*Asks:* 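One structure, pasted below without further comment.
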Amino acid sequence: MTEPIFFRPAESLSAGEIATLTGATLSDPSRSGVVIRNVAPIDSAGPSDLAFLENVRYAAGLQSTKAGACLITERLAADAPPGLLLLVSAQPYRSFVTVTRKLFPQALRPSSLVEAEGVMPGASVHPKARLEDGVTVEPGAVIGPRAEIGAGTLIGAGAVIGADVRVGRDGSIGAHCSVAHALIGDRVIMHPGCRIGQDGFGYLMSPRGHAKVPQVGRVIIQDDVEIGAGTAIDRGAIRDTVIGEGTKIDNLVQIGHNVSVGRHCVIVSHVALAGSVTLEDFVAIGGCTTINNHVTVGMGAQIAGYSAVNVDIPPGGRYGGIPAKPAKLWMREIAAVERLVRRSNDKSKTEHESGR
């Protein structure tokens, strides 16, 4: 069985072209014609590969690397072996990503898993649905009545687009996603298994049982949002659930009804946002964090992973812990507890030894 190559570079680049593209400085301008065809980790790169080194933790691989060229910081460049072509950059990883995007533009947006074009046999498109030119619908996908799909968008195998849903242009709805009661912007990427627009979790609890609260809002997903596999975004109860422009959401995130997520937020996997949470623009949330209902997180705030947020966080705040609190206070409390534990252990050891 042959080993498949899933991503092939769209072009090759010379070291000089990479320097121009990234603003890096070549260690040996006479070798600007060295051809780079691929990217690879520093410890496995070959003569036609570009590697990078930014973290001293991986510096051991520098001496033995066979990379054709290496993006590297000025400080680490001093330890490079003779003969290794260096591209000195203030931010090697950012430069490396710039080159990778140039070599592999097809990896920036999911393509058809079955290399389909147009509406494939086995897809079900309602007669009242409207598809613009260049839409791809893979086998098993279902598009409901009055749904509208913009030009260049891919609807993956087994995906379901509900009645009256709007999906913008040049997007990708992954395999087995379900999208209902939603308006989706342009260039939105949903990875496989997303659940968008289902009921929010709302009940009136009582000793006689729990009465369901009707969820009559929508989900609004603005342009350039990316949503990871298995993420669920509930529709609003009496207002819309909104995901702002450019926001990036990891796999397996739960976003409750009436949540408002601002522009260009980053939400890492296993985060849970309870109903009516508000994230202002450029908020970043670490993995496995929970945020209680009706909490507001201010613009540019950052929340550490494994936190539980029960209070509003001001703009620019750095919070963490259970319950979440300002990061400096949280770290001081952890240090204080560790000191108390050490003292207690030392005291117990002394008493034990003196009792012998």
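Owing to the predicted nature of the structure, the values given are computational and were not obtained by experimental measurement.
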*Asks:* In Å and rounded to the nearest 0.5 Å, what is the CG to OG distance from Leu279 to Ser260?
*Replies:*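 Answer rounded to 0.5 Å: 7.5 Å.
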*Asks:* May I ask you to decide if Ala229's main-chain N or O and Asn251's side chain share a donor-acceptor pair within less than 3.5 Å?
*Replies:*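 Present.
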*Asks:* Under a 4.5 Å cut-off applied to non-hydrogen side-chain atoms, are Leu183 and Arg218 in contact?
*Replies:*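 A side-chain contact under 4.5 Å exists here.
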*Asks:* Same hydrophobic cluster for Ile303 and Val277, using side-chain heavy-atom links shorter than 4.5 Å among ILVMFWY?
*Replies:*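 As far as the 4.5 Å side-chain criterion goes, Val277 and Ile303 are connected within one cluster.
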*Asks:* Report the C-alpha separation of Val261 and Leu273 in whole Å, then their side-chain angles, then the decisive distance to 0.1 Å, and conclude whether the side chain to side chain contact (heavy atoms under 4.5 Å, CB included) test is met.
*Replies:* CA-CA 10 Å; Val261 176; Leu273 305 182; 4.2 Å; yes
*Asks:* Take atom CD in Glu11; do more than 12 heavy atoms of anything else shown fall under 6.0 Å from it?
*Replies:*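 Yes - once you tally the heavy atoms of other residues, nucleotides and ligands closer than 6.0 Å, there are more than 12.
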*Asks:* Look at the side chain of Thr231 and the backbone N and O of Asp250, then say whether any donor-acceptor pair between them is shorter than 3.5 Å.
*Replies:*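 Yes, the answer is positive, given that a donor and an acceptor are paired below the 3.5 Å cut-off.
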*Asks:* Find the distance between OG (Ser48) and NZ (Lys66) and round it off to the nearest 0.5 Å.
*Replies:*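 These two atoms lie 13.5 Å from each other.
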*Asks:* The test is side chain to side chain contact (heavy atoms under 4.5 Å, CB included); show your working for Val179 and Val160 and say whether it passes.
*Replies:* CA-CA 6 Å; Val179 184; Val160 178; over 6 Å; no
*Asks:* Within this structure, what is the CD1-CD1 distance for the pair Ile173 and Ile155, rounded to the nearest 0.5 Å?
*Replies:*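 Reported value, rounded in 0.5 Å steps: 5.0 Å.
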*Asks:* Salt bridge (Lys or Arg N to Asp or Glu O under 4.0 Å) between Asp170 and Arg187: does it pass, once the steps are laid out?
*Replies:* CA-CA 5 Å; Asp170 297 316; Arg187 299 175 300 280; 5.6 Å; no
*Asks:* Could you tell me whether the side chain of Thr136 and the main chain of Leu154 form a donor-acceptor pair under 3.5 Å?
*Replies:*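 A pair under 3.5 Å: no.
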*Asks:* Report yes or no: do Phe7 and Val97 belong to one cluster of Ile/Leu/Val/Met/Phe/Trp/Tyr joined by side chain heavy-atom distances under 4.5 Å?
*Replies:*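 Yes: a chain of side-chain contacts under 4.5 Å links Phe7 to Val97.
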*Asks:* Give, for atom OG of Ser32 and atom CD1 of Ile18, the distance between the pair rounded to the nearest 0.5 Å.
*Replies:*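 Reported to 0.5 Å precision, the distance equals 11.0 Å.
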*Asks:* Report whether Phe6 and Phe104 are members of the same hydrophobic cluster (ILVMFWY, side-chain heavy atoms less than 4.5 Å apart, transitive linking).
*Replies:*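 Yes, one cluster joins them.
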*Asks:* Do side-chain atoms of Thr153 reach the backbone of Gly168 as a donor and acceptor pair under 3.5 angstrom?
*Replies:*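 Indeed, once roles are kept as given, a pair shorter than 3.5 Å links the two residues.
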*Asks:* Got a donor-acceptor contact below 3.5 angstrom from the Arg318 side chain to the Gly316 backbone?
*Replies:*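 Yes.
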*Asks:* Using atom types as modelled and distance alone, determine if a side-chain donor or acceptor of Thr65 lies under 3.5 Å from a backbone N or O of Leu62.
*Replies:*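 No: the side chain of Thr65 does not pair with the backbone of Leu62.
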*Asks:* Is the backbone N or O of Thr241 less than 3.5 Å from a side-chain atom of Arg235, with the two atoms forming a donor-acceptor pair by type?
*Replies:*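 No; zero donor-acceptor contacts below 3.5 Å.
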*Asks:* Just wondering, are more than 12 heavy atoms of other shown residues or ligands nearer than 6.0 Å to CD in Glu132?
*Replies:*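 Enclosed: over 12 neighbouring heavy atoms sit under 6.0 Å from CD of Glu132.
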*Asks:* Determine, stepwise, if the pair Val341 / Arg343 fulfils side chain to side chain contact (heavy atoms under 4.5 Å, CB included).
*Replies:* CA-CA 5 Å; Val341 170; Arg343 289 172 186 169; over 6 Å; no
*Asks:* Is Glu338 close to Leu340 at the side-chain level, that is, under 4.5 Å between some pair of heavy atoms?
*Replies:*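 No, every pair of side-chain atoms sits at 4.5 Å or beyond.
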*Asks:* Using side-chain heavy atoms (C-beta onward) and a distance below 4.5 Å, is Thr22 in contact with Val99?
*Replies:*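 Of all side-chain heavy-atom pairs linking Val99 with Thr22, at least one is under 4.5 Å.
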*Asks:* Establish whether Leu131 and Ile161 are linked, either directly or via other cluster members, by ILVMFWY side-chain heavy-atom contacts under 4.5 Å.
*Replies:*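 The answer is yes; both residues are in one hydrophobic cluster.
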*Asks:* If Ile, Leu, Val, Met, Phe, Trp and Tyr residues are connected whenever their side-chain heavy atoms lie under 4.5 Å apart, and connections chain through other members, are Val259 and Val216 in the same group?
*Replies:*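 No; tracing contacts between hydrophobic side chains, which count when under 4.5 Å, never links both residues.
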*Asks:* Pick from Arg169, Lys128, Arg166: which one makes a salt bridge (Lys or Arg N to Asp or Glu O under 4.0 Å) with Glu148?
*Replies:*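 Of the listed residues Arg169, Lys128, Arg166, the salt bridge (Lys or Arg N to Asp or Glu O under 4.0 Å) partner of Glu148 is Arg166.
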*Asks:* State, to 0.1 Å, how close Arg31 and Ala15 come at their nearest heavy-atom pair, and which atoms those are.
*Replies:*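 Closest pair (atom of Arg31, atom of Ala15, distance): O-CB, 4.0 Å.
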*Asks:* Does Gly156 offer a backbone N or O that forms a donor-acceptor pair with the side chain of Glu138 under 3.5 Å?
*Replies:*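 No, Glu138 side chain to Gly156 backbone: no donor-acceptor pair under 3.5 Å.
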*Asks:* How close do Ile233 and Ile221 get, counting heavy atoms only, and between which atoms?
*Replies:*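 Here Ile233 and Ile221 meet closest at CD1-CD1, 4.4 Å.
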*Asks:* Please say which of Val295, Asn292, Thr290 ends up in a side chain to side chain contact (heavy atoms under 4.5 Å, CB included) with Asn310.
*Replies:*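 In the set Val295, Asn292, Thr290, the residue that makes a side chain to side chain contact (heavy atoms under 4.5 Å, CB included) with Asn310 is Asn292.
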*Asks:* Are Lys248 and Ile227 close enough, and set up right, to give a side chain to side chain contact (heavy atoms under 4.5 Å, CB included), and what steps lead you there?
*Replies:* CA-CA 6 Å; Lys248 311 302 180 187; Ile227 303 170; over 6 Å; no
*Asks:* For the ring pair Phe52 and Tyr93, is the centre-to-centre distance below 6.0 Å?
*Replies:*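 So the answer is yes for these two rings.
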*Asks:* Above 12 or not: heavy atoms from other molecules or residues under 6.0 Å from CZ of Arg146?
*Replies:*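 Atom CZ in Arg146 is packed in, count exceeds 12.
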*Asks:* Side chains of Ile143 and Ile149: does their closest heavy-atom pair fall under 4.5 Å?
*Replies:*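 Side-chain contact under 4.5 Å: yes.
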*Asks:* Spell out, as yes or no, whether a donor-acceptor pair under 3.5 Å connects the side chain of Glu17 to the backbone of Ser14.
*Replies:*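 Flag set: sc Glu17 to bb Ser14 pair under 3.5 Å.
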*Asks:* Within a radius of less than 6.0 Å around CD of Glu333, do more than 12 heavy atoms belonging to other residues, nucleotides or ligands occur?
*Replies:*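 Check passes, neighbour count above 12.
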*Asks:* List the steps and the verdict of side chain to side chain donor-acceptor pair (under 3.5 Å) for Glu226 and His191.
*Replies:* CA-CA 8 Å; Glu226 185 161 357; His191 291 278; 2.7 Å; yes
*Asks:* Taking the side chain as C-beta and beyond, is there a heavy-atom pair between Ile255 and Ile249 under 4.5 Å?
*Replies:*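 Result yes, sub-4.5 Å side-chain heavy-atom pair found.
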*Asks:* For residues Leu113 and Ala175, report the shortest heavy-atom separation together with the two atoms involved.
*Replies:*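 Nearest heavy atoms, Leu113 then Ala175: CD1-CB, 4.3 Å.
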*Asks:* Indicate yes or no: does Arg94 engage Glu54 in a salt bridge with an N to O separation below 4.0 Å.
*Replies:*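 No.
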*Asks:* Using only atom types and a distance under 3.5 Å, with no angle test, would you say the side chain of Thr289 pairs donor to acceptor with the backbone of Ile285?
*Replies:*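 No.
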*Asks:* Could you pull out the closest heavy-atom pair between Ala40 and Asp49, with the gap in Å?
*Replies:*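 For Ala40 and Asp49, the tightest heavy-atom pair comes out as CB-OD2, 3.7 Å.
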*Asks:* Hey, what do you get for OG (Ser27) to CG (Leu84), rounding to the nearest 0.5 Å?
*Replies:*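 Answer rounded to 0.5 Å: 7.0 Å.
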*Asks:* Within the 4.5 Å heavy-atom criterion, are Leu86 and Leu26 side-chain neighbours or not?
*Replies:*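 Counting from C-beta outward, Leu86 and Leu26 never come under 4.5 Å.
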*Asks:* Would you please test Gln215 and His257 for side chain to side chain donor-acceptor pair (under 3.5 Å) and show each step?
*Replies:* CA-CA 8 Å; Gln215 308 289 298; His257 57 198; 2.6 Å; yes
*Asks:* Taking the side chain as every heavy atom from C-beta outward, state whether Leu21 and Lys102 have any atom pair closer than 4.5 Å.
*Replies:*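 Contact flag for Leu21/Lys102 side chains = yes.
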*Asks:* Indicate the atoms forming the closest heavy-atom contact of Asp199 with Lys212, along with that distance.
*Replies:*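 Nearest heavy atoms, Asp199 then Lys212: OD2-NZ, 2.7 Å.
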*Asks:* So, taking the atom named CZ in Arg195 and the one named SG in Cys177, what distance separates them when rounded to the nearest 0.5 Å?
*Replies:*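 Those atoms lie 7.0 Å apart.
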*Asks:* Could you go through the side chain to side chain donor-acceptor pair (under 3.5 Å) check for Gln198 and Asp234 one step at a time?
*Replies:* CA-CA 5 Å; Gln198 60 283 334; Asp234 297 341; 2.8 Å; yes
*Asks:* Do the side chains of Phe96 and Leu50 get nearer than 4.5 Å, heavy atoms only?
*Replies:*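 A side-chain contact under 4.5 Å exists here.
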*Asks:* So which heavy atom on Asp281 is nearest to which on Arg263, and how close?
*Replies:*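 Heavy atoms only, the tightest pair is OD1-N, 2.8 Å.
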